[in-house]
Amino acid sequence: MRFPRLLSPLVALSLAAAQPALADTPGPLAALAGEVDRSAAQVIHVWTPEGAWTLATGPQRPGGRETRGGDRFIIASVGKPFLAAALLRLHEAGRIDIRDPAARWLPGDVIAGFGGLDGVRIDHLLSMTSGLPDYLDDAFAEDLMAEPEGWTVRDALAYAEGEAPLFAPGEDYDYSNTNYLLAQLVLEAASGQPYPQALRALVLEPVGARASAVFGTEPRRPEDAAGITPEGRDASGYYVSPGFGDGGLIAPAAEVAAFFRALLVERRLLGPAALALMLEDPLGEGYGLGIDIDTSDYGPVYGHGGGDIGYSSGVIVLPAVPAVGVILRGDEDADEDLLWQALALVIDG
């Protein structure tokens, strides 16, 4: 599983059972307390049918209190499955066809900026098989850090517009964040709502993720963990513009787990046909519609990794066990091996 996905150095159903614990309960995860890097805020959360366990470590922000399990983190690309699920719910409702031409739902100037988007379908965007170049490069990161306020999706797309496609749609795989900015615009057009409201109605509310939100759309909260850059700077000030569809969510670990549990364990967020579309790996690259796909000794593995300026994250879902593991960290060093250790401690004892 590719985990986490980091920037360059510069750079309506009710799931009442998916309620986060009221207090941190490390349980078997306490065995990791002496091994974790405590230089930054971190939360590891593991859910199984037998219970949920949370290990929170490190300062929530430099010089601040200790991190708590309910603190919120920028989850970066771990948010991509949320957007993919929202579009698949519209597909189930007959509002879109996931194999529609993307241009059917996009503004004319955006279509023109990417040469017409001939042959690019919505599922190509979600599966990273469109061939569109990535807007998220050093130039974008430098400009964002120089002036964090006032950014829009159109501003970000400008960094990729006019560039030649990498390959014909559906012919190859390349992880490009541009795909999910266009997917955000599709969601907005098809739902008739801005991205934050559409995501809340289609995904966050149905799974009970009430503390989760698109960052930059509400005031910062005391429970928002700081992200620390490799240079030691607090990155929180970079997240003042509304987040984009490629990774614009801030959330606590238990709510991230609740989403993946509803989607892949209880399978109550999407119907069987839509979920099968999500979990199809069209080119054998280990990537479906916004989801990493792999195998392990525990059976199939699904999830996603994420990274942004000062933050990193990852999710591992083992539906055959079943178990869901989440790691959220306030620097760019989230450790997949540590999350696997946490899962093994809970599953194997």
Side-chain angles (χ1 to χ4, degrees), residues 5-11 76-77 79-80 83-84 86-87 96 98-191 193-196 198-199 214-217 238-249 283 287 289-290 306-309:
R5 302 185 185 277
L6 292 172
L7 286 173
S8 71
L10 280 172
V11 289
S77 287
K80 286 184 169 71
L83 175 52
L87 285 166
I96 64 169
I98 208 70
R99 294 191 172 93
D100 278 344
R104 180 175 298 172
W105 297 98
L106 293 172
D109 60 330
V110 171
I111 297 167
F114 287 94
L117 292 173
D118 292 340
V120 176
R121 305 186 314 229
I122 298 171
D123 60 324
H124 290 145
L125 301 177
L126 299 180
S127 62
M128 305 291 187
T129 59
S130 70
L132 297 174
D134 202 346
Y135 82 92
L136 195 53
D137 58 12
D138 288 353
F140 172 81
E142 288 174 340
D143 290 347
L144 174 69
M145 288 188 287
E147 180 46 70
E149 295 189 17
W151 285 85
T152 68
V153 168
R154 302 293 191 87
D155 296 330
L157 286 172
Y159 287 78
E161 289 178 346
E163 295 187 24
L166 304 178
F167 47 81
E171 295 298 314
D172 205 346
Y173 167 93
D174 184 74
Y175 191 92
S176 170
N177 292 279
T178 300
N179 290 299
Y180 276 72
L181 269 58
L182 296 179
Q184 172 186 338
L185 295 179
V186 172
L187 177 67
E188 292 178 337
S191 68
Q193 294 180 299
Y195 169 58
L199 198 68
V214 174
F215 63 72
T217 62
Y238 299 138
Y239 296 92
V240 292
S241 294
F244 301 153
D246 59 338
L249 290 179
L283 296 177
Y287 202 78
L289 300 187
D308 212 331
I309 303 168

From [X] atom [atom1] to [Y] atom [atom2], the distance as rounded to the nearest 0.5 Å:
| X | Y | atom1 | atom2 | answer |
| --- | --- | --- | --- | --- |
| Leu187 | Ile96 | CG | CD1 | 8.0 Å |
| Asp118 | Ile111 | CG | CD1 | 10.0 Å |
| Ile122 | Ile98 | CD1 | CD1 | 5.5 Å |
| Leu87 | Leu289 | CG | CG | 9.5 Å |

Problem set entry | Residues forming a salt bridge (Lys or Arg N to Asp or Glu O under 4.0 Å) with Asp100, sequence neighbours excluded | Arg104

Exercise. Asp123: what forms a salt bridge (Lys or Arg N to Asp or Glu O under 4.0 Å) with it, not counting sequence neighbours?
Worked result: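 Residues passing salt bridge (Lys or Arg N to Asp or Glu O under 4.0 Å) with Asp123: Arg99, Arg121.
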
Problem set entry | Name of the residue among Tyr135, Tyr195, Tyr180 meeting side chain to side chain contact (heavy atoms under 4.5 Å, CB included) with Phe244 |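 Only one option passes, and that is Tyr135.
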
Exercise. Do Asp308 and Tyr238 have side-chain atoms, one donor and one acceptor, less than 3.5 Å apart?
Worked result: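 No, no side-chain donor-acceptor contact under 3.5 Å.
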
Exercise. Are the side chain of His124 and the backbone of Ala102 linked by a donor-acceptor contact shorter than 3.5 Å?
Worked result: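 Judged by distance alone, no pair lies under 3.5 Å.
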
Exercise. So, the side chain of Thr217 versus the backbone of Pro242: is there a donor-acceptor pair under 3.5 Å, distance only?
Worked result: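 No; zero donor-acceptor contacts below 3.5 Å.
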
Indicate the atoms forming the closest heavy-atom contact of [X] with [Y], along with that distance.
| X | Y | result |
| --- | --- | --- |
| Leu125 | Val120 | CD2-CG1, 3.8 Å |
| Glu171 | Leu283 | C-CD1, 4.1 Å |
| Met128 | Asn179 | SD-ND2, 3.4 Å |

Listing, residues 144-154 side-chain donor-acceptor contacts under 3.5 Å, not counting sequence neighbours, or none:
from   : atom 1 : to     : atom 2 : distance (Å)
Glu147 : OE2    : Glu149 : N      : 3.2
Trp151 : NE1    : Glu147 : O      : 2.7
Thr152 : OG1    : Arg154 : N      : 3.4
Thr152 : OG1    : Asp155 : N      : 3.2
Thr152 : OG1    : Asp155 : OD2    : 3.1
Arg154 : NH1    : Asp109 : OD1    : 3.4
Arg154 : NH1    : Asp109 : OD2    : 2.7

